[in-house]
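For ligands, and for the atoms within them, numbers begin at 1 and follow the listed sequence.
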Amino acid sequence: MKVWFEHREKLAPDIWQYFFRPERPVDFTPGQYTSFHIAQPLADPRGQSRVFTLTSLPSDRLVSFVAKIPSPCTPYKQALHNLNTGDELRLDDAMGDLVLPKSADIPLVYVAGGIGMASFASMLKQLLATREERAIFLFYAMHSRSEQIFRELADSYPLALKTIAITPNHLTAQEIKDSTPPDALIYLSGSERFVEELRSGLERLGTPHEQIIFDYFDGYTEL
Ligand SMILES: Cc1cc2nc3c(=O)[nH]c(=O)nc-3n(C[C@H](O)[C@H](O)[C@H](O)COP(=O)(O)OP(=O)(O)OC[C@H]3O[C@@H](n4cnc5c(N)ncnc54)[C@H](O)[C@@H]3O)c2cc1C
């Protein structure tokens, strides 16, 4: 599907949200991701496409995602950041398992490392829009408070718990396990290292692997 760039919005230093107008409503479930293809030749060893998690709602007029624009960054990120209003990109079908379970009774644990928080934005927006209250325990790790994104969104949802860990404090699997219900579904999103460390830690503490859903934002060493 074709999408046209509309505008971008700075959320934090080096962190931006990009908005696009789709040719027709995008069919996805909140929490899913899709690939954004830039047509102009980029000379980028990683190619013309990157995967981003959608932060909008399926019913929104514009489709959006959040990306970090590090320095230095790849030709893809440079091109993304230099898009002009009306520039055309191509979008693939959305996919991914970081979505809400059908049963509203299952407690949910959202664990975000850096911009991994973007994985939970659309789900939280959906729950707010439908006025659905679920037991959500949020753990959010970052290097500095200035990196915090979707603060208002998280504050507007009646979370069961909100824990923010700022370096040098680190989130541990033990802390997550100790402060959440044993039957909770645990979502992990962040860099590969962040996700893998917590995933293996939680499994070592006896969390069944089917209770852990994860996605890592590849390409970044740190988030
Ligand atoms: C399921 C899934 C969901 C995802 N969702 C998101 C999302 O919502 N948002 C998001 O941002 N990403 C997301 N990603 C990751 C995304 O697809 C990209 O892989 C990621 O943004 C890195 O982009 P990039 O390769 O353009 O590298 P960059 O972001 O440009 O750079 C990555 C690292 O490489 C360094 N680097 C880049 N170029 C150079 C250079 N020339 N010399 C030295 N160092 C350099 C940078 O400084 C940085 O440390 C997701 C990935 C998956 C698999």
Side-chain angles (χ1 to χ4, degrees), residues 3 5 8-20 22 26 28-58 60 62-83 87 89-100 110-126 140-144 146-151 153-154 167 186-196 198-199 212-223:
V3 295
F5 177 68
R8 58 177 152 84
E9 185 182 289
K10 189 171 188 168
L11 301 187
D14 299 337
I15 302 174
W16 295 80
Q17 187 160 222
Y18 298 85
F19 294 85
F20 301 82
V26 180
F28 71 98
T29 305
Q32 287 190 316
Y33 57 84
T34 181
S35 180
F36 283 76
H37 181 88
I38 294 182
Q40 76 193 68
L42 293 177
D44 187 319
R46 292 199 67 204
Q48 303 286 126
S49 302
R50 295 292 187 278
V51 163
F52 297 107
T53 304
L54 300 175
T55 52
S56 44
L57 283 175
D60 287 348
L62 301 179
V63 63
S64 63
F65 64 79
V66 167
K68 198 166 190 171
I69 307 294
S71 182
C73 67
T74 55
Y76 178 94
K77 287 281 177 77
Q78 285 166 30
L80 172 70
H81 203 61
N82 290 328
L83 288 172
D87 284 351
L89 277 79
R90 223 184 51 235
L91 199 105
D92 284 345
D93 288 343
M95 52 202 294
D97 304 326
L98 249 79
V99 298
L100 291 166
Y110 287 168
V111 186
I115 61 163
M117 182 63 194
S119 294
F120 307 122
S122 185
M123 285 190 268
L124 286 172
K125 285 179 190 175
Q126 185 190 26
Y140 186 2
M142 63 193 85
H143 296 295
S144 119
S146 67
E147 291 172 15
Q148 194 171 353
I149 58 171
F150 296 117
R151 185 185 190 146
L153 177 62
T167 312
I186 304 179
Y187 296 70
L188 306 174
S189 179
S191 68
E192 181 171 2
R193 200 176 67 179
F194 175 84
V195 167
E196 276 308 313
L198 290 174
R199 192 189 60 78
I212 305 174
I213 308 178
F214 64 96
D215 259 344
Y216 40 78
F217 288 9
D218 65 345
Y220 295 115
T221 38
E222 274 288 315
L223 264 184

Ring center gap for Phe36 and Phe20 short of 6.0 angstrom |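 Yes, they do, as the ring centres are separated by less than 6.0 Å.
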Under the side chain to side chain contact (heavy atoms under 4.5 Å, CB included) test, residues paired with Asp44 that sit two or more places apart =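 Checked Asp44 against side chain to side chain contact (heavy atoms under 4.5 Å, CB included); matches are Leu42, Arg46, Arg50, Thr74, Pro75, Tyr76.
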According to the interplanar angle, ranging from 0 to 90°, do the rings of Tyr216 and Phe214 count as parallel (below 30°), tilted (30 to 60°) or perpendicular (above 60°)?
-> parallel
Evaluate the side-chain proximity of Arg8 to His81: yes if any heavy-atom separation is below 4.5 Å, no if none is.
->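 A side-chain contact under 4.5 Å exists here.
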Minimal non-hydrogen separation, Ser189 against Gly116, with atom names =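 Of all heavy-atom pairs spanning Ser189 and Gly116, the closest is OG-O, 3.2 Å.
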For ligand 1, would you mind listing the residues that have at least one heavy atom less than 4.0 Å away, ordered by chain and number?
-> Tyr33, Arg46, Arg50, Val51, Phe52, Thr53, Val66, Ala67, Lys68, Pro70, Pro72, Cys73, Thr74, Lys77, Ile115, Asp215, Tyr216, Phe217, Asp218, Gly219, Tyr220
Do other residues, nucleotides or ligands put more than 12 heavy atoms under 6.0 Å from the CG atom of Asp92?
->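 More than 12 within 6.0 Å, yes.
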